[in-house]
Protein chains: 2
Amino acid sequence: MSRTWNQYVVKQENKTLVLTTIMNHTPISRANVAKITGLNKGTVSSLVSELIDEKLVEESGPGKSSGGRRPVMLLFNGNAGYSISIELGVGYILGVITDLKGKIIEQDTIQLQTTHFNTIFPIMINLIKGLMEQVPKSRYGVIGIGVGVPAVVSRDGEILLAPNLNWKNVELKSKLENIFNLPVYIENEANAGAYGEMRYGSSQNSHHTIFASIGIGIGVGMILDGKLYHGLNGFAGELGHMTIEKDGKTCRCGNRGCWERYASEQAVIDEAIKRGLVTADQVEPFEQLIQLANDGNQAVIDLFEEIATYIAIGLTNCINIFNPEHVIIGNRLMRAKEWIYPIIESYILEHAIGFHQNKLKIDSAKLGTYSTISGMAAFTIEGFLLDQKRNHA
Amino acid sequence: MSRTWNQYVVKQENKTLVLTTIMNHTPISRANVAKITGLNKGTVSSLVSELIDEKLVEESGPGKSSGGRRPVMLLFNGNAGYSISIELGVGYILGVITDLKGKIIEQDTIQLQTTHFNTIFPIMINLIKGLMEQVPKSRYGVIGIGVGVPAVVSRDGEILLAPNLNWKNVELKSKLENIFNLPVYIENEANAGAYGEMRYGSSQNSHHTIFASIGIGIGVGMILDGKLYHGLNGFAGELGHMTIEKDGKTCRCGNRGCWERYASEQAVIDEAIKRGLVTADQVEPFEQLIQLANDGNQAVIDLFEEIATYIAIGLTNCINIFNPEHVIIGNRLMRAKEWIYPIIESYILEHAIGFHQNKLKIDSAKLGTYSTISGMAAFTIEGFLLDQKRNHA
DNA sequence: GGAGTTAGTTTAACAGGTAGACAAACAAAT
DNA sequence: ATTTGTTTGTCTACCTGTTAAACTAACTCC
């Protein structure tokens, strides 16, 4: 509840302040760190020497002089440890190793034919084990495991509800922690995507970002005041089930007129089948449609444009609700970007309130299909650094 | 940007920690403050004695012994200063004096016939001056002025857009600061309402609260992770203009199917006139309708129930978006609570996602018509205390 | 009335940050 | 080649505020 402050906290905070300054400005001299942070030069010196002892920071040769003694440049050591991140999708598992800078070192994908937990779980364990063997030797080794899932996740890492996987109440975090004895982070796929884009992607420095992950369904990750928003117990961001048409199409959630019934990959496919643009037995109907649009099929392009309008309606709602600085559209539907993006942009421009007063940017995910997994890496890395901070004086 | 930590900051933080502990647990002993905060007894003693010097805390006689020396009970001194809060509505100005506990000491209302800024502003100034003369003598006197407005307010207190008043780009904060030479706080009416309910009303201790102010239009104030959410530049919370019916009724915002076209006081009135339940030249049509419903007029009750469903649709969207702990419905439409509330509750229960897993409470505003003004008082008081913290070592 | 408890103050020790002095290392001007 | 001035990084003396522990005060209970 209440937090007491004393000299230890002061040191912890200043030390992480120095570390993050080095991370964000690498390479940088001690003198410059002192200038940026406002800390005394001596304080910076002593904190940096501790960070060097912990192998989180290293010195690289002398930098350029600006009319005096040449500075010793400091680097954040991205190789002090490595994170393992997993993205669990419908039909695939993607696993990667990243360094502490979030850079992907190694990756591996497995296609799945089922969504059964009992089948998938062992496959995932094997994937993780395989990755762990490839992790380079380092001071801290594997610092943690992050898993992004298309699900509602509770604050303590339990999967409460994963409609597209048909999972319910799976205690994924504790299961994995028991097996690997490492810190495990579980997060919703859209939330992780939002975080990934904020840390490594197109919305760095933006404190108000809405990340709409439009795939089979729609999930929305929200960075509000610089922090990921979860709501009371992880259900926040279910904007796919926002009503945009009262008495509209029925949805499996029990409601009617839900946004994702009009604006998702599934919505595209349903409508395409209804219009005879693809057949129901097609293996990859969405890819087929992209192909057809590429070939100039006007009926398909029209369909994309209709869907785009529905996407835009929902996004306009988001903008009116959150007044974000940045709206990012990610996941598979953006493969049809060419046809849908212009429609979305012009609709929002015309319909969002006070648009002219907002410095709103609308983008597709810069990290592409790596938004989520990068976000999971970020969670894992930041969790590790937080742990260091707490344990190491 | 970056915040440095040193012993002064530690003291500031601990001092406010002690103060807020006393505020929240008043009356309380030094020993108990130490226990709750985790601070050393000696530290608490010295900080308390400073707070007593500053007249923010006072000792009240000895408390009950629990088997040893009797404690000296400490009280937060609500009378060290007073705030002045104004609610600027469509058709009225409400002004109050509150003490530092947010208790209303004095109040005054003025009915308005116009919305012209040049007419209203001098009236407001006079109202404030009148209130200032009634403020009791105290250590800090009038600590600040807070004004709640039905408008989009920028972070620096400029009224960007007030559709119901027909104002645009009014620098209210600086105007008032120049006149009174006091700290001035300007905030959107729904935001202030949300804050008021969190501080003094029905959602105390709730960190995720949605406050829907349903009057002529709809504004929503959002407490997310314990903090009021503004968005990038104050436009957040324009949920009144969330599309709930694609291609629905046109709205003055330029959009179609906006929530407030279906679920506000104006929507009730429009529909009632259309159905011949009241005439267009009625002075207080909404009051008239309440009266009719009270008299058992079924057509009016039916109308309220229809409107309630629309309110519920929008609120369900809010719940799916924010996963709040608490949804509060405030402002004038709740005068028809008797007929609309049961409908709202049952609709949400049936349609919100994962409702059973959420410990969601739905309430009407406990502070009634004082939500907004109490919120403004809270802003002013907290701003004052923050200032004290910064200036007074 | 003594033993045990609880409340609040005082004291010395300690940790960590700051200011400022200092040496080292360099650029630019003479 | 010197001289001058600047920048970097370390070191020392000092200061602030928290803590632990001793201590005084005041009370309850047997």
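Hydrogens, waters and symmetry mates play no part in the numbers below; they use all other heavy atoms, side chains included.
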>> Looking at B:K41 and C:dG8, is any side-chain donor or acceptor paired with a base atom of the opposite kind under 3.5 Å?
In response: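 Between C:dG8 and B:K41, which were checked side chain against base, a qualifying N/O pair under 3.5 Å is present.
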
>> Quick check on salt bridge (Lys or Arg N to Asp or Glu O under 4.0 Å): which of A:K389, A:R199, A:K227 does A:E382 satisfy it with?
In response: A:R199

I need the [atom1]-[atom2] distance between [X] and [N], as an integer number of Å.
X     : N      : atom1 : atom2 : value
B:M73 : D:dA26 : CE    : C1'   : 16 Å
B:K64 : D:dT28 : NZ    : P     : 11 Å
A:K15 : C:dG17 : NZ    : P     : 11 Å
B:L47 : D:dT16 : CG    : C1'   : 13 Å
B:L39 : D:dA20 : CG    : P     : 11 Å
B:R70 : C:dG8  : CZ    : P     : 12 Å
A:E50 : C:dG16 : CD    : C1'   : 11 Å
B:Q7  : C:dA19 : CD    : P     : 10 Å

> Hey, what's the ring geometry for A:H208 with B:Y229, parallel, tilted or perpendicular (30° and 60° as the breaks)?
Replying inline: tilted

> Do any pairs count as a salt bridge (charged side-chain N to carboxylate O under 4.0 Å, His left out) and have a residue in residues 64-78 of chain B, sequence neighbours left out, and if so which ones?
Replying inline: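 Not a single pair qualifies under salt bridge (charged side-chain N to carboxylate O under 4.0 Å, His left out).
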
> Contact class for B:S46 (heavy atom, under 4.0 Å): base, sugar-phosphate, or nothing?
Replying inline: nothing

> A:V72 near the nucleic acid: base, sugar-phosphate alone, or nothing, with a heavy-atom cut-off under 4.0 Å?
Replying inline: sugar-phosphate

What nucleotide, of [options], holds the atom closest to the side chain of [X]?
X     : options               : answer
A:K11 : C:dG17, D:dT18, C:dG8 : C:dG17
B:S65 : D:dG9, D:dT28, C:dG8  : D:dT28
A:Y8  : D:dT18, D:dG9, C:dA15 : C:dA15

>> Looking at A:T43, I'd like to know whether one of its side-chain N or O atoms comes within less than 4.0 Å of OP1 or OP2 on C:dT18.
In response: yes

> Taking OP1 and OP2 of D:dT18, is either one under 4.0 Å from a side-chain nitrogen or oxygen of B:N14?
Replying inline: yes

>> Is it the case that the side chains of A:H326 and A:Q204 hold a donor-acceptor pair, with the cut-off being a distance below 3.5 Å and no angle test?
In response: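 Per modelled atom types, A:Q204 and A:H326 side chains form no pair under 3.5 Å.
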
> Start at the 5' end of DNA chain C and walk down; is the nucleotide closest to A:R69 or to B:N40 reached first?
Replying inline: B:N40

> How do B:G42 and B:K35 order along DNA chain C: which one's closest nucleotide is nearer the 5' end?
Replying inline: B:K35

> Do A:S83 and A:T98 pass the side chain to side chain donor-acceptor pair (under 3.5 Å) test, and can you show the C-alpha distance, the side-chain angles, and the key distance before you say yes or no?
Replying inline: CA-CA 5 Å; A:S83 86; A:T98 79; 2.9 Å; yes

